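Here is the structure we will look at, set down as structure tokens.
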Amino acid sequence: MKEFFNMENITDIFFDLDHTLWDFDKNSVLAFDRIFRNYHPTIDTEKFVAVYAPINQACWKLYQVDKITHEELRYTRLRQSFEILSYTISDKDINEIAEQYIEFMPDNNQLFDGTIEILNYLQPKYNLHIITNGFAEVQEKKISNSGLGNYFKTITNSEMAGVKKPHRNIFEFALSLAETNKENAIMIGDCIEADIGGATDFGMQAILFDEKGIHTIEGIKTIKHLLELKNIL
């Protein structure tokens with residue numbers, strides 16, 4: 001990954017949504033807890049999500065490079081989680097949980113600490129946008145329900161672009177929609193491969209949001225808290 005970093009030319013900021021602004025893990029706990037309390041009360045939600053979270057990330061990495069389909073992603077991440085927990089469940093029940101999970105997730109609106117404050121800080125200075133690999137209908141509900149909609153001039157999802165991050169075409173699509181160019185844009189996200197690698201390989205600058213502080217990437221600025229962006233942008 002190549003370091004660019006010249007803030008003088010930046011006019012447009014592109015954010016990832018899940019795991020960057022919208023707290024996917026916290027909202028997953030709330031959605032699964034609602035499902036399990038009603039239909040599978042013997043499952044401990046916290047234990048389930050602890051197993052599910054890394055499996056979900058691994059499945060998304062496969063989905064991003066078209067190694068599994070949307071339907072396989074939704075099924076596999078649940079099936080593997082239940083298998084690790086030795087919980088016997090039918091495919092029918094798994095598919096029902098998958099549907100309920102997608103339905104319930106956008107009802108929750110936990111954001112990362114500092115999200116609204118940093119957007120209020122950045123919005124008068126830059127054009128703000130989102131690029132997400134998430135499913136269009138679900139992402140639109142998340143953005144609306146969490147009060148993020150008014151901050152962003154454009155929202156690009158992988159269904160619109162026809163490809164997913166890290167494919168360069170989704171960045172090209174997003175820039176065209178935003179009516180800007182890569183020399184004036186920067187990407188902020190949590191995923192090294194999709195957000196940071198995708199953006200920098202395309203020629204955009206990028207900032208890694210690494211809340212747990214576990215990654216160091218040569219040539220890439222990293223933040224642990226969103227409000228650190230005030231020191232950069």
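What you see is a predicted model; the values in this text were computed from it and never measured.
- Rounding to the nearest 0.5 Å places CD1 of I130 at 11.5 Å from CD1 of I188.
- The shortest side-chain heavy-atom distance between L208 and H215 falls under the 4.5 Å cut-off.
- Summarising the geometry, atom CD belonging to E71 is positioned 10.5 Å from atom OG1 belonging to T76; distances are rounded to the nearest 0.5 Å.
- Considering OG1 of T222 and CD of E211, their distance stands at 14.0 Å, rounded to 0.5 Å.
- Considering all non-hydrogen atoms of both residues, A178 and T154 come closest at CA-CG2, 3.9 Å.
- The ring pair (Phe, Tyr, Trp, His ring centres under 6.0 Å) check on H19 picks up F24, with sequence neighbours excluded.
- H70 is linked by a ring pair (Phe, Tyr, Trp, His ring centres under 6.0 Å) to F135, counting only residues two or more places apart in sequence or in another chain.
- Annotation: the span from N56 atom CG to Y63 atom OH amounts to 12.0 Å, rounded to 0.5 Å.
- Considering all non-hydrogen atoms of both residues, G189 and T20 come closest at CA-OG1, 3.5 Å.
- Closest approach of F14 and A185 over heavy atoms only: CE1-CB, 3.7 Å.
- Evaluation of the ring pair (Phe, Tyr, Trp, His ring centres under 6.0 Å) rule for Y87 yields H40, F82 as partners, not counting sequence neighbours.
- The closest side-chain donor-acceptor pair between Y75 and D91 falls under 3.5 angstrom.
- Judged by a 6.0 Å distance limit and a 45° cone about the ring axis, K165 is not positioned over the six-membered ring of F171.
- For the side chain to side chain donor-acceptor pair (under 3.5 Å) condition, the pairs that include at least one residue of residues 223-233, sequence neighbours left out, are D113-H225, E117-K230.
- Taking the side chain as every heavy atom from C-beta outward, M7 and I232 approach each other to under 4.5 Å.
- Not counting sequence neighbours, the partners of D107 by the salt bridge (Lys or Arg N to Asp or Glu O under 4.0 Å) test are R34.
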*Kindly determine whether F209 and F112 satisfy ring-ring contact (aromatic ring centres under 6.0 Å, His included), including the steps that lead there.*
CA-CA 11 Å; F209 174 56; F112 279 99; 5.2 Å; yes
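- Shown here for N184 and N181, the closest heavy-atom pair between the two residues is OD1-OD1, 2.7 Å.
- L21 has its side chain within reach of F152: a pair of non-hydrogen atoms, C-beta onward, lies under 4.5 Å apart.
- Side-chain atoms of Q64 and K61 include no donor-acceptor pair closer than 3.5 Å.
- Here the straight-line distance linking atom CG of N169 with atom OG of S158 works out to 13.0 Å at 0.5 Å rounding.
- Note on ring orientation: taking the six-membered ring where Trp is involved, the planes of F36 and F32 are parallel (angle under 30°, cut-offs 30° and 60°).
- A donor-acceptor pair shorter than 3.5 Å can be found between the side chains of T45 and D33.
- For the pair N145 and P106, the tightest heavy-atom approach, listed with the atom from each and the gap, is ND2-O, 2.7 Å.
- Judged purely by distance below 3.5 Å, without hydrogens or angles, the side chains of D12 and T180 pair a donor atom with an acceptor atom.
- A salt bridge does not link K182 with E172: every distance from a Lys NZ or Arg NE/NH1/NH2 to an Asp or Glu carboxylate oxygen is 4.0 Å or more.
- Contacts of K141 classified as salt bridge (Lys or Arg N to Asp or Glu O under 4.0 Å), with partners at least two apart in sequence or in another chain: E137.
- When each of D195, I196, D210 is checked for a side chain to side chain contact (heavy atoms under 4.5 Å, CB included) with D190, only D195 meets the rule.
- For the residue pair Y39 and D93, no side-chain donor N or O sits within less than 3.5 Å of a side-chain acceptor on the partner.
- The shortest heavy-atom contact between D25 and A53 is OD1-CB, 4.4 Å.
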*Applying side-chain contact (heavy atoms from CB on, under 4.5 Å), run through N108 and D23 and close with a yes or a no.*
CA-CA 10 Å; N108 307 308; D23 196 327; over 6 Å; no
